2 protein chains.
Amino acid sequence: MTESTEPITELPDSLTRLHDDPVDAATTLRERAGDTDVAEQVGCLFAALSNPQRLQLLWALRDGECCVCELQTALDAPQSTVASHLRCLTDAGLVSTRKDGKWSYYRPADPAVFELVDDALAIADVEATE
Amino acid sequence: MTESTEPITELPDSLTRLHDDPVDAATTLRERAGDTDVAEQVGCLFAALSNPQRLQLLWALRDGECCVCELQTALDAPQSTVASHLRCLTDAGLVSTRKDGKWSYYRPADPAVFELVDDALAIADVEATE
DNA sequence: CAGTCATATTGTATACTTTCGATATGGTCG
DNA sequence: CGACCATATCGAAAGTATACAATATGACTG
């Protein structure tokens, strides 16, 4: 019950012209829009996936774990850049780490993320760049 | 064939210590990481979904089209804020518009986006806020 | 055709993100 | 323990996104 108690601000005039019972309509609409906190959490996940280099990191990890220097090679990007993207993915819970001596190996935390990315690929209607 | 021709920059030293044939390893890694342009397109889609208010707009539209003043009510946000989020969703191809006199009605362009969002909800492991 | 209405656009202040060199950390090896 | 290595973190500059008041647009109404 984090949501939908009372109208916080004034309802738009236009709404009162569109609905007989605007207060009731507002309640329904706000219920449909769902909880702000949930939206924020989901938004964070999508934000982690909204960067092309981070997507490429995930793709690189799809077939098995890699250490940072391999990912650095995969993206052809500076070490610190790769490290911060990996931090971001870790914070979002999308990858996990294993240390082996001075090497750090990364892998996808939950393979389900690839379904998400594949669906996105389909929706984005990407033409195979061949 | 937009990708993977030659190593552009120097390979990291560490890679040469990890692989017998670092150039070959680099090629494989870059193939796995996939195409930059594709990553960018998918990234744009995720970016459109990375904002909590835009997610709430989509949720509000899930059960049927709404006009702007209804969405404004659903989010309890100023008109111009809602309008720019709607623009963003439209640009990303996620919603489409129909005009009826001075009212504009918005609806999801492709219901597949809700699968995406639902999967994200599952991955984000959101606790039902009750 | 003047007024009003719903929505779109613009302008801008502010906040967040990204990039990457420099530097810190913590491991390994001689 | 001293040099070196792989990675992480910091910090500043540049870029991008967000919010929202003000204003423009284009439609309906008298």
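Note that the structure is predicted; figures quoted are calculated from it, not measured.
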Quiz item: Which part of the nucleic acid, if any, lies within reach of Tyr106(B) when heavy atoms closer than 4.0 Å are counted: base, sugar-phosphate only, or nothing?
Solution: sugar-phosphate

Quiz prompt | Gap between atom CD1 of Ile123(B) and atom CD of Gln41(A) - 0.5 Å precision | solution = 13.5 Å

Quiz prompt | Side-chain N or O of Arg17(A) closer than 4.0 Å to phosphate OP1/OP2 of dA6(C) | solution = yes

Quiz prompt | Spacing between Gln72(A) atom CD and dC20(C) atom C1', to the nearest angstrom | solution = 12 Å

Practice problem: Check every nucleotide of DNA chain D for an atom under 4.0 Å from a heavy-atom of chain A, then give the first and the last such nucleotide from 5' to 3'. | Solution: dC5(D) to dT9(D)

Quiz prompt | Nearest-angstrom distance from the residue atom CD of Gln53(A) to C1' of dT19(C) | solution = 9 Å

Practice problem: Assign each of Gly101(A) and Ser50(A) to its nearest nucleotide of DNA chain C by heavy atoms, then name whichever residue's nucleotide is nearer the 5' end. | Solution: Ser50(A)

Quiz prompt | Nucleotide dT17(C), atom P - distance to CZ of Phe46(B) in whole Å | solution = 17 Å

Quiz item: How many angstroms lie between OG in Ser96(A) and CG in Leu89(A), if you round to the nearest 0.5 Å?
Solution: 11.0 Å

Quiz item: Looking across every strand, which nucleic acid part, if any, lies under 4.0 Å from Ser104(A) by heavy atom: base, sugar-phosphate, or nothing?
Solution: sugar-phosphate

Self-check item: Nearest-0.5 Å distance, CD of residue Glu70(A) to CG of residue Leu15(B)
Solution: 6.5 Å

Quiz prompt | dT18(C) phosphate, OP1 or OP2, under 4.0 Å from Asn51(A) side-chain N/O | solution = yes

Quiz item: Relative to the 5' end of DNA chain C, which residue comes earlier, Ser84(A) or Leu86(B), by the nucleotide with the nearest heavy atom?
Solution: Leu86(B)

Exercise. Using a heavy-atom cut-off of under 4.0 Å over every strand shown, decide if Cys88(A) touches base, sugar-phosphate, or nothing.
Key: nothing

Quiz item: Taking atom C1' of dT25(C) as reference, at what distance in whole Å does atom NZ of Lys102(A) sit?
Solution: 14 Å

Self-check item: Nearest-angstrom distance from the residue atom CG of Asp100(B) to C1' of dC5(C)
Solution: 14 Å

Practice problem: May I ask you to decide whether Arg107(B) forms a salt bridge with Asp63(B), counting only side-chain N to carboxylate O separations under 4.0 Å? | Solution: no

Exercise. Please state how far atom CG in Leu57(B) lies from atom C1' in dT7(C), giving the value in whole angstrom units.
Key: 14 Å

Practice problem: Mind listing the closest non-hydrogen atom pair of Val82(A) and Gln72(A) along with its distance? | Solution: CG2-CA, 3.7 Å

Exercise. Working to the nearest 0.5 Å, report the span between CG of Leu29(A) and CG of Leu75(B).
Key: 9.5 Å

Exercise. Please determine if a side-chain N or O atom of Arg87(B) lies less than 4.0 Å away from the OP1 or OP2 oxygen of dT9(C).
Key: yes

Practice problem: Round to a whole Å and report the spacing from CH2 of Trp103(A) to C1' of dT25(C). | Solution: 16 Å

Self-check item: First encountered from the 5' end of DNA chain D, between Gln79(B) and His85(B)
Solution: His85(B)

Quiz item: Salt-bridged, Arg62(A) to Asp118(A), with N to O below 4.0 Å?
Solution: yes

Quiz item: Under 4.0 angstrom, heavy atoms only, what part of the nucleic acid is Ser14(B) near: base, sugar-phosphate, or nothing?
Solution: sugar-phosphate

